[in-house]
Amino acid sequence: MRLTYDTLETLEPRLKEAEALALKYAGENNDFLWFYKIRPAFKSLVGYGSSHPDPVVRSGKAYQVAHSHILAVYDQRRPADEG
């Protein structure tokens, strides 16, 4: 099964808040915003730092997919695997 951001968002709806934050600051090109405001909004929701009951959400792949998508929103581009 291919893990997509939409699947992750369904399993962990709080990702919408992190995505909205990235959209709010989209195009700012400011490392401080990314590392201290946007990334912390999702890094405990998915991946190895997550306490989510679903092992898919706690996987490294989940973090990679979320990171790629939210960074693309912040950078105002779409990840290659999202068409």
Side-chain angles (χ1 to χ4, degrees):
M1 179 179 111
R2 182 170 170 255
L3 185 59
T4 65
Y5 183 79
D6 288 340
T7 301
L8 278 177
E9 197 174 67
T10 299
L11 294 169
E12 178 48 89
R14 293 177 295 173
L15 283 171
K16 292 176 187 173
E17 296 168 21
E19 185 179 24
L21 192 59
L23 189 58
K24 176 181 177 180
Y25 294 108
E28 292 279 336
N29 195 20
N30 182 325
D31 287 345
F32 181 85
L33 284 172
W34 173 254
F35 286 106
Y36 295 99
K37 193 163 193 102
I38 299 166
R39 194 173 128 223
F42 73 87
K43 78 177 200 174
S44 65
L45 299 178
V46 293
Y48 301 123
S50 172
S51 60
H52 197 280
D54 191 321
V56 170
V57 177
R58 295 190 316 264
S59 71
K61 182 64 176 176
Y63 181 85
Q64 180 184 11
V65 168
H67 183 276
S68 176
H69 177 86
I70 294 171
L71 180 59
V73 170
Y74 180 62
D75 283 346
Q76 296 187 325
R77 60 182 167 77
R78 290 176 59 118
D81 66 338
E82 290 193 20

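Computed from a predicted model, the values in this text were never measured in an experiment.
A heavy-atom distance below 4.5 Å is not found between the side chains of Leu21 and Glu17. When side chains are defined from C-beta on, Tyr74 counts as touching Asn30, because their heavy atoms get closer than 4.5 Å. Side-chain contact between Ile38 and Tyr25 is present, with heavy atoms from C-beta onward closer than 4.5 Å. With a 4.5 Å cut-off on side-chain heavy atoms, Phe42 and Glu19 do not count as touching.
Ring orientation note: the planes of His67 and Trp34 are nearly perpendicular, at an angle over 60° on the 30°/60° scale.
Counting all heavy atoms, side chain and backbone alike, Glu12 lies closest to Val57 at CB-CG1, 4.4 Å. The minimum heavy-atom distance linking Val56 with Ala62 is given by the pair O-CB, 3.2 Å. Contact detail for Leu8 and Ala66: the closest heavy-atom pair is CD1-N, 4.0 Å. Considering every non-hydrogen atom in both Val65 and Leu3, the closest pair reads CG2-O, 3.7 Å.
With rounding to the nearest 0.5 angstrom, the NZ atom of Lys24 is 6.5 Å from the NZ atom of Lys37.
No more than 12 heavy atoms of other residues, nucleotides or ligands shown are found within 6.0 angstrom of CG on Asn29.
Hydrophobic clustering, with ILVMFWY side chains joined whenever heavy atoms are under 4.5 angstrom apart, groups Phe35 together with Leu45.
A donor-acceptor contact shorter than 3.5 Å is absent between the side chain of Tyr5 and the backbone of Ile70. Between the side chain of Thr10 and the backbone N or O of Asp6 there is at least one donor-acceptor pair closer than 3.5 Å. At least one donor-acceptor pair under 3.5 Å links the side chain of Arg58 to the backbone N or O of Pro53.
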